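A quick note: this is a predicted structure, and the numbers were derived from the prediction, not measured. Just the heavy atoms: all of them, side chains too, but no hydrogens, waters or symmetry mates, feed the values below.
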Amino acid sequence: MGKRKGKSVRKNKQVSGMTEEDEDISRAPHSFVVHRGKTGKFVQELCKDFRKVMEPYTASNIKARPKNVVKDFVHVAGLLKVSHLCMFTKTSLGPYLKIARFPRGPTLTFKIKEYALGRDVRSSLKRQITYEKQYLHHPLLVLNNFPSEDREFQLCTSMLQNMFPSINVTKVKLNSIRRCVLINYNKETGLIDFRHYTIKVVPVGVNRGVKKIVSSKIPNLGKLEDLADLVTGGGAVSESEFEDDENSKVTLPQEMSVRGALPAQQSSVRLVELGPRISMELIKIEDGLLDGEVMFHKFIEKTEEEKEAIRVRREKRRKEKEKRRREQEMNVKRKEEEKRKNKEKSLEGMKKNEPEFTGKEKKAIREWEGENSKKDVSDDDDDEEWYRKEVGAEPDQDLFSKSKSQSGGGNYGKRFSKLGKSKGMKRGAESREPRDRDNKKKRKTKVFNSDGVGPNFRRGGGAGAGKGVFGKMKGVKGSKIKKFRRK
């Protein structure tokens, strides 16, 4: 059997061995973070940084092709329980961020005024804090200074809150809170600032030397005479603690996996920025998924008559689309019905072309078939019997055997020629006897003459003739061979 053509599909082990998710994971909001159109490498990297912020409830390795449309994301979102779509685009005016909710909206459009990538933010820090388990849990969301009286900001705050999982204060574990997302609204500029931090807990009221020992750092004991000097010397507290505010000092209710931070003791909470930084402005709110009625626009305001005309036009377009869809469904059903009727008609025509026999004819056919099934007579036996009756003598042995092989064998194409009887064989090769290698005569060895020249050497005069061994050889002079040059 030949090899099957086509690409081989590798089975996904994660899908085959997949178990049911926990209820908390399935209820948590999931998101797609993608970029659409020609955005440039920096906006694409910003998209990757924003995807990192939304970990772990996001598609980390999603690869959107240029041919994919919004409808493709909608179809997949229902199967994967994805609730939000974050899309980065770019126009001649600058980059934009669109946040939409599956499957029917609404959609918020933000214009990005300024942004800084995560790698730029981290490289500006003196001490970077990055570790493996930092993105295992979702971040803590903090919204600040959003006005509660405006409808657009009410919708904006509820949309941003629903993008992140809610926290149950009574059941939450402090070890699971590792990151923080701060979204602040600036009333003077009207911009929304987006910041991403990692949370660091430091013990308070501990000597600098003791803090180094507790945090598994090796202190420098070169200038000390005794180990007690490390604890008693250098002041009561470290210099960095003077920068801490009193509001940042808390008493830990639970045990945390941080060296020196013990429960029921005071510790200081610090934030170290991870990036990215985004300063954006709310431009537009739409009713549907990247489409629909415009509920809010910062720069364009329309009267009630214009809004009503747009609403009527959109409703008319929706009805026409629904009408076309119904017509297409009816056409598909009609074509399937016609196809079924044509098939039935062709089958009836095939039955009419079959000959109809009477009862006697059918009985005779059955009897004839029964008689022929019992008989086993070959044509070759009939030919030999006819020859005996007509000629009155026994036929030759090869007379009917050839016809038998010709008639019964069938045409199977050209047969292979026997070994040694190919077309290119010389005449008389068949009659030639095989060689006897044991009795093979050996050729006489040709002895070179005293001058060291073989028997095929052409003797002739020359400039070097008769001057030793090399004088008779052409191109040899003084035991050195010259290279011939073409004239």
Side-chain angles (χ1 to χ4, degrees), residues 29 31-37 39 43 46-47 50 53-54 69-71 73-74 77 82-115 141-164 166 181-195 276-319 321:
S31 61
F32 283 150
V33 182
V34 295
H35 60 87
R36 306 298 293 159
T39 56
V43 177
L46 178 64
C47 177
F50 197 86
V53 174
M54 303 302 294
V69 294
V70 180
K71 196 177 290 185
F73 295 104
V74 175
V82 178
S83 58
H84 289 80
L85 173 67
C86 301
M87 183 182 295
F88 285 87
T89 59
K90 188 178 181 182
T91 64
S92 58
L93 299 176
Y96 288 83
L97 171 62
K98 294 184 179 182
I99 301 175
R101 186 175 178 87
F102 287 119
R104 295 183 181 86
T107 304
L108 305 180
T109 303
F110 299 92
K111 184 179 180 182
I112 299 175
K113 297 289 186 178
E114 295 176 352
Y115 68 92
L141 178 64
V142 179
L143 298 175
N144 187 36
N145 285 338
F146 277 88
S148 58
E149 59 274 4
D150 298 333
R151 283 187 58 195
E152 60 270 15
F153 287 106
Q154 290 177 4
L155 183 59
C156 181
T157 52
S158 64
M159 190 80 166
L160 294 173
Q161 284 176 352
N162 293 328
M163 283 179 63
F164 298 90
S166 59
V181 172
L182 174 62
I183 303 177
N184 178 56
Y185 176 71
N186 193 341
K187 293 182 179 180
E188 296 178 359
T189 59
L191 298 178
I192 299 172
D193 298 323
F194 180 91
R195 298 290 185 270
R277 296 178 185 173
I278 302 175
S279 295
M280 52 190 179
E281 184 181 11
L282 181 62
I283 299 296
K284 185 171 63 171
I285 299 176
E286 294 173 295
D287 188 16
L289 181 67
L290 302 175
D291 193 12
E293 183 181 354
V294 178
M295 301 170 65
F296 165 78
H297 202 290
K298 187 169 184 179
F299 303 112
I300 301 174
E301 291 186 5
K302 295 185 177 181
T303 60
E304 292 296 329
E305 291 80 7
E306 291 175 341
K307 291 180 181 179
E308 186 65 27
I310 293 171
R311 197 177 293 111
V312 170
R313 188 165 60 249
R314 185 177 289 110
E315 187 67 21
K316 183 180 178 182
R317 196 184 305 126
R318 187 188 64 80
K319 288 182 180 180
K321 186 177 179 180

**Asked** side-chain contact (heavy atoms from CB on, under 4.5 Å) between Ile183 and Thr157: does it pass, once the steps are laid out?
**Response** CA-CA 10 Å; Ile183 303 177; Thr157 52; over 6 Å; no
TODO: Start with the C-alpha distance between Leu108 and Leu160, add both sets of side-chain angles, then the distance that settles side-chain contact (heavy atoms from CB on, under 4.5 Å), and finish with yes or no.
DONE: CA-CA 10 Å; Leu108 305 180; Leu160 294 173; 5.6 Å; no
### Query
Phe50 vs Phe88 aromatic rings, parallel, tilted or perpendicular, using cut-offs 30° and 60°?
perpendicular
### Message
Measuring only between side-chain heavy atoms, which start at C-beta, is Val33 closer than 4.5 Å to Cys47?
### Response
yes
(request) Step through the shown structure and confirm whether more than 12 heavy atoms of other residues, nucleotides or ligands are within 6.0 Å of CZ on Arg104. (result) no
task: Look at atom CD of Glu114 and say whether more than 12 heavy atoms of other residues, nucleotides or ligands are closer to it than 6.0 Å.
output: no
Check: Yes or no on side-chain contact (heavy atoms from CB on, under 4.5 Å) for Phe110 and Cys156, after CA distance, side-chain angles and deciding distance?
Finding: CA-CA 11 Å; Phe110 299 92; Cys156 181; 3.9 Å; yes
What do you reckon, is CD of Glu315 surrounded by more than 12 foreign heavy atoms closer than 6.0 Å? yes
ask   = Are any non-hydrogen side-chain atoms of Lys302 and Ile310 less than 4.5 angstrom apart?
value = yes
For residues Leu182 and Asp193, determine if any side-chain heavy atom of one lies less than 4.5 Å from a side-chain heavy atom of the other. no
Exercise. Taking C-beta and beyond as the side chain, do Phe146 and Gln154 meet within less than 4.5 Å on heavy atoms?
Worked result: no
Practice task
Please report the C-alpha distance between Arg314 and Glu293 in whole Å, then the side-chain angles of each, then the deciding distance to 0.1 Å, and finally whether the salt bridge (charged side-chain N to carboxylate O under 4.0 Å, His left out) criterion is met.
Solution key: CA-CA 9 Å; Arg314 185 177 289 110; Glu293 183 181 354; 5.2 Å; no
Separation between CD (Gln161) and CE (Met159), nearest 0.5 Å, reads 12.5 Å
d(Ile192 CD1, Phe153 CZ) to nearest 0.5 Å is 6.0 Å
> Take atom CD in Glu149; do more than 12 heavy atoms of anything else shown fall under 6.0 Å from it?
Replying inline: yes
Exercise for review: Assess whether side-chain contact (heavy atoms from CB on, under 4.5 Å) is satisfied between Leu155 and Phe296, documenting all intermediate values.
Suggested key: CA-CA 11 Å; Leu155 183 59; Phe296 165 78; over 6 Å; no
- Going by heavy atoms in the side chains, are Leu46 and Ile112 under 4.5 Å from each other? yes
Please confirm whether the backbone N or O of Leu191 pairs with a side-chain atom of Glu281, one donor and one acceptor, at under 3.5 Å? no
(message) Between Thr107 and Gly288 (side chain of the first, backbone of the second, donor and acceptor by atom type, cut-off under 3.5 Å), is there such a pair?
(response) yes
- Do the non-hydrogen side-chain atoms of Pro29 and Asn162 ever get within less than 4.5 Å of each other? no
